[in-house]
Amino acid sequence: MNIQISVQKAIETLYAQSVDGSQVQLQKTKKEFKGHLTLVVFPFLKISKKNPEQTAQEIGEYLVKNESVIAEFNVIKGFLNLTISSSYWIDILENINADKNFGTISSTENSPLVMIEYSSPNTNKPLHLGHIRNNLLGYSLAEIMKANGYNVVKTNIVNDRGIHICKSMLAWQKLGNGATPESTGKKGDHLIGDYYVLFDKEYKKELNELQSKGLSKEDAETQSVWMAEAREMLREWEAGDEETVALWKKMNSWVYAGFDETYKRLGVDFDKIYYESETYLIGKEQVLEGLNKGVFYKQEDGSVWADLTSEGLDHKLLLRADGTSVYMTQDIGTAKLRFDDYPINKMIYVVGNEQNYHFQVLSLLLDKLGFEFGKGLTHFSYGMVELPEGKMKSREGTVVDADDLVMEMVSTAKEVSEALGKLDGYSEEEANNVSEIVGLGALKYFILKVDPRKNMTFNPQESIDFNGNTGPFIQYTYARIQSVLRKAAEQGIQLISLDKTLAISEKEENLIQNINAFSSVVKEAAESYSPSLIANYVYELVKEYNQFYHDFSILREENKAIRNMRLILSENTGKVIKTGFGLLGINVPERM
RNA sequence: GGUCGGGUAGCUCAGCUGGAUAGAGCAACAGCCUUCUAAGCUGUGGGUCUUGGGUUCGAAUCCCAACCUGAUCACCA
């Protein structure tokens, strides 16, 4: 079964020297050459003491003679192209066919536990396009880790405290006239977001008025009544003032209901949600403990700092002079709470790349505080999403709202499908269902196929174009496969077992090879935290399947054994597409 | 200025643990539907892989430098 080891053995036998497994590079043979696997023989020239062609020839001859799975070989320069026997491919296909969960490993109680933090919204604004990338990456990463046998806890940290929340509360209190999501018909998060914007508007208006009276910008800011009231509200909140806390709870509950709706539609979820309002005090405790242990130091004004100069970084503030927490303090507290709650082996934070420095520091601080997980934490960093029109800027009102975008994607999917007559004969409900799957598939695939580290441009129109490297194209291929299988079933075609003596075509062998590669792709995706790897693999597979599909008339083939083989090939391609897309959090339609 | 990313076709992106003539899609052009989903398939054109050095049998890939670009740099989260 393991060709890598066969090759290794061949070389050792031929040249009477042991070779390191990593030197045996077997790669997929390029399309233009005959064969399935290619061995690069350059690394072995030293021990063979012969030129590349001769060495390759020798190894090839040995393999064909001694390994039944190697049917033939050819040599081009220093490359030994090996052709694997058809019966081997049929065996492989049979194994894949028998394996219901092909490509995935299930976890046990003893499997390592990975905690993945993602989403991390503020409660004063609705989710936007950047959050979408975050949510999709986080969810997909969790699915990929699960598929590799890890236990996964998906977590969310909600930033529910601070001056920004008070701004929304204040504007609502003063200008809201008791508006609620019910009375306005607005989603809670949007309603609160509106008041946050309103605060900003009123505050700016006030500043302008003060400045027109001759005050400097700084003086105007200190004299602002709006800002003073917001600060006062934060003080009341921290002091536990009943009325303030009640208002805060009420408004937050609206926001959470709004978020839940968005999460549900995006298809993401969490096992455990943490709130900064519950963790910032724990962070403070941890910092004070660190101070006692002498890990941190106090400045004259009473503020607490960490000295990271020996690690090549700077000094970092952990508690302000007035004893209040900063962002870092909260993250320390949250980490402490999480590790108390779960036996975490690995912590992954899905957070934008603007926080690279923050996580570098967090890792060091946790380590200094004696948390063993500190050093090993992973910041899964991703770049910004831009639109073809340019960057999103909240000041210019060019932020793309997550809910609006999803709605637009789904309605575009519907329009396009209708125009193509694809929804003819569908009930309204079925049509909406397919549009939902396709619209979201377009969005998700387009975002996930790009390397997370890169800044990317999301082009809604291109994403929902049903040609090319898009989600809908892959979904369509899946639906077509299901159609083929349905037709076969209608015609009463029974799947018989595979005939191992069957001569199968090169195209079929290549397709099997590609399907078989799925399990190693899943593994690699987990090792390199890379949803995009899965996405690009699935696309390659789909393209290859399409070529195969167009070359053969699958159902009208006379030979039963061949027809059967092709149906099984289709079925397993479908299986891999569905599983692969599942790892990306994308649904596939049974028909479209 | 310091630190960390990114720079591949007109556009959007793969490829990056070194391997053969650098790949897709979009856009452009030319073909393919009496019959299983044409939202498809086939073909053509399009590249100094930012630049310059280095490492070696071999570099888009590794190292160094420069240039361009993004993020970040202590009391925002």
With a 4.0 Å cutoff (strictly under), does any side-chain N or O of [X] reach OP1 or OP2 of [N]?
{"X": "Arg320(A)", "N": "A74(B)", "answer": "no"}
{"X": "Asn546(A)", "N": "C41(B)", "answer": "yes"}
{"X": "Lys454(A)", "N": "U8(B)", "answer": "no"}
{"X": "Lys449(A)", "N": "C13(B)", "answer": "no"}
{"X": "Arg453(A)", "N": "G6(B)", "answer": "yes"}
{"X": "Ser483(A)", "N": "C36(B)", "answer": "no"}
{"X": "Gln547(A)", "N": "U42(B)", "answer": "yes"}
{"X": "Lys487(A)", "N": "U37(B)", "answer": "yes"}
{"X": "Lys422(A)", "N": "A39(B)", "answer": "yes"}

Please report the distance separating the [atom1] of [N] from the corresponding atom of [M], rounded so that it comes out in whole Å.
{"N": "U51(B)", "M": "G43(B)", "atom1": "P", "result": "30 Å"}
{"N": "G15(B)", "M": "G70(B)", "atom1": "C1'", "result": "22 Å"}
{"N": "G45(B)", "M": "C26(B)", "atom1": "C1'", "result": "15 Å"}

Let's test this: given Watson-Crick or G-U wobble pairing with both distances under 3.5 Å, identify the partner of [N].
{"N": "C29(B)", "result": "G43(B)"}
{"N": "U12(B)", "result": "A24(B)"}
{"N": "U35(B)", "result": "none"}
{"N": "U72(B)", "result": "G2(B)"}
{"N": "A60(B)", "result": "none"}

Decide yes or no on side chain to side chain contact (heavy atoms under 4.5 Å, CB included) for Tyr445(A) and Asn469(A), but give the supporting numbers first. CA-CA 9 Å; Tyr445(A) 184 83; Asn469(A) 190 357; 2.6 Å; yes
The answer to which of Ala413(A) and His315(A) contacts RNA chain B further toward the 5' end, by nearest nucleotide, is Ala413(A)
The residue, Val434(A) or Tyr327(A), whose nearest nucleotide of RNA chain B is more 5′ is Val434(A)
Take atom CD in Gln461(A); do more than 12 heavy atoms of anything else shown fall under 6.0 Å from it? no
Output yes when Arg486(A) and Glu590(A) qualify as a salt bridge under the 4.0 Å nitrogen-oxygen rule, no when they do not. no
Taking the minimum atom-to-atom distance to the side chain of [X], which one of [options] wins?
{"X": "Met456(A)", "options": "C13(B), G19(B), A38(B)", "value": "C13(B)"}
{"X": "Phe33(A)", "options": "A20(B), A77(B), A39(B)", "value": "A20(B)"}
{"X": "Asn356(A)", "options": "A38(B), A77(B), C4(B)", "value": "C4(B)"}
{"X": "Tyr549(A)", "options": "A77(B), G25(B), A38(B)", "value": "A38(B)"}
{"X": "Glu354(A)", "options": "U37(B), A77(B), A71(B)", "value": "A71(B)"}

Test side chain to side chain contact (heavy atoms under 4.5 Å, CB included) on His315(A) and Tyr297(A); report intermediate values, then the result. CA-CA 10 Å; His315(A) 295 256; Tyr297(A) 70 94; 2.7 Å; yes
Is there a donor N/O on one and an acceptor N/O on the other, under 3.5 Å, for the side chain of [X] and the base of [N]?
{"X": "Asp465(A)", "N": "A27(B)", "result": "no"}
{"X": "Asn536(A)", "N": "A14(B)", "result": "no"}
{"X": "Ser120(A)", "N": "A77(B)", "result": "no"}

Within the 4.0 Å heavy-atom criterion, would you say [X] contacts the bases, only the backbone, or no part of the nucleic acid?
{"X": "Thr457(A)", "value": "sugar-phosphate"}
{"X": "Glu276(A)", "value": "sugar-phosphate"}
{"X": "Met592(A)", "value": "base"}
{"X": "Thr477(A)", "value": "nothing"}

Taking the six-membered ring for Trp, are His358(A) and Tyr327(A) parallel (under 30°), tilted (30 to 60°) or perpendicular (over 60°)? parallel
Is the base of G19(B) stacked against the aromatic ring of Phe79(A), taking ring centres under 5.5 Å apart and planes under 30° as the test? no
Compare the aromatic ring of Phe473(A) with the six-membered base ring of A39(B) and state whether they stack according to the 5.5 Å and 30° rule. no
With syn defined as a glycosidic torsion within 90 degrees of 0 and anti otherwise, which applies to C29(B)? anti
Please tell me whether Tyr476(A) and Phe473(A) form a close aromatic pair, meaning their ring centres lie under 6.0 Å apart. no
Is it true that Tyr15(A) and Phe44(A) have ring centroids separated by less than 6.0 Å? no
Which residue, Asp451(A), Asn353(A), Asn134(A), forms the side chain to side chain donor-acceptor pair (under 3.5 Å) with Tyr382(A)? Asn134(A)
